[in-house]
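What follows is a single structure, written as structure tokens, with notes after it.
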Amino acid sequence: MTPPTNANLTDDRPTFTSHLECSATGEPYPADRLHGLSTEGKPLLVRYDLAALGAALSKETLAARPADMWRYREFLPVRQTENVISLGEPMTPLVPLPNCARELGVGEILVKDESRLPTGSFKARGLCVAVSMARELGISRMAMPTNGNAGAALAAYASRCGIESFVFCPEDTPDVNVREIALQGAKVWKVNGLINDCGRIVGDGKEAMGWFDTSTLKEPYRIEGKKTMGLELAEQLGWTVPDAIFYPTGGGTGLIGMWKAFAELAEIGWLDEKRPQMVCVQATGCAPMVKAWEEGADHAELWTDAHTIAAGIRVPVAIGDFLILRAVRESGGYAIAAPDEEIIAAQQEVAARDGLLMGPEGATTYAALRRAVSEGRVGKGDQVMLFNCGTSLKYPMPAVARVIDRHQPIDYAAIAAG
Ligand SMILES: *Cc1c(COP(=O)(O)O)cnc(C)c1O
């Protein structure tokens, strides 16, 4: 027998899922069965026997485990180790931006750099758990609409365990995304519309195609994978939380998931009552949540004519809108948008000052922080966490035109001047 390569993936970990629950009505649904949305058409949330979980797991036990996402097995729904489909999901670092913090006059800026996960984005966390659960529940076909990163993660994990995957992207999705999805074994199409138009094709095709609709929050387990960001950052900060979390919000799975993580950790006594302000960050060209927050609404309206270079957060309508708004309100946070020019400037600023190249979505959080500071919303000594959710290397970068002719005398003075 080959020894296990990862102690987090051995059979000695108990599981604690008790049931699922409608996020709108609280109506319970049985665990270990196939579910999409609740009968109300709302997302389902996984509930655990947290008293038993807290009794079975200590912080010390956790601290001794390998540094990957599956160290949080007890907080995740997969029952059988054999169903865990993993590509190696490392804990991601908290990268400080000391030069930027000094410039903005903020106590500390930490970037949770999620670009280091498989397929180059935090979509891997969600799809790793969703595909593992799909395998546990006997699903053989999965489909989703995507702006790119979620499709790549679905393709990778599904192919790894022989599940067929079908992916639909808006026609202007960058080629690199569409191609990586295809290379990783999914059947992928470009659609002349936005992500919600792609979502309709997935939803309407359920009967004819017999596929499982893996759209954001239409299946219950992606959020559990994204929840591990909250568990992880709290552990990395010695079981505390920052003063504010700036999150680039599309469908909002990560924001909702982290909020759930903090509640679960508090329930087992690992966090005190302090919560971070959850700051929902969007781009000005697609800011339905910001509009809803400013209007004091519980739901967001469809954003027409959505456009931004931050493709991962170009989501005109989110089924979990009320959960995003609820988390932002309960946390004493706010919703804020930044325009594309400021996103581009932010990307350059962080890369040139502190050497971290953020994707446009991550850079949006820095642009939003800059605005929040100028509006007096951030305390001088605050510890602020930004999320860089995907690698910048999948995006086109500004061209560099400088060349050297090695047959001519080299002009070192010109090189020094840059
Ligand atoms: C999907 C995505 C987001 C938005 O995440 P949600 O949790 O769905 O709101 C942000 N940035 C990148 C790079 C993404 O791929």
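Fair warning: this is a prediction, and the values are worked out from it, not measured in the lab. We're numbering straight along the sequence, starting at 1. Remember, it's 1-based here, ligands and their atoms both numbered in the order they're listed.
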Just to verify, what does Y29 make a ring-ring contact (aromatic ring centres under 6.0 Å, His included) with, not counting sequence neighbours? H35

Is NZ or CZ of R377 both nearer than 6.0 Å to the six-membered ring centre of Y334 and within 45° of the ring axis? yes

Nearest-0.5 Å distance that lies between atom CD1 in I324 and atom SG in C280: 6.0 Å

Electrostatic pair D243:K274 at N-O distance under 4.0 angstrom: yes

Within 45° of the ring axis of F387 and under 6.0 Å from its six-membered ring centre, is that where the NZ or CZ of K112 lies? no

Write down, by chain and number, every protein residue that brings a non-hydrogen atom to less than 4.0 Å from an atom of ligand 1. F122, K123, N149, K226, Y247, P248, T249, G250, G251, G252, T253, G254, G312, I313, E361, C389, G390

Are W293 and F322 an aromatic pair, judged by ring center distance below 6.0 Å? no

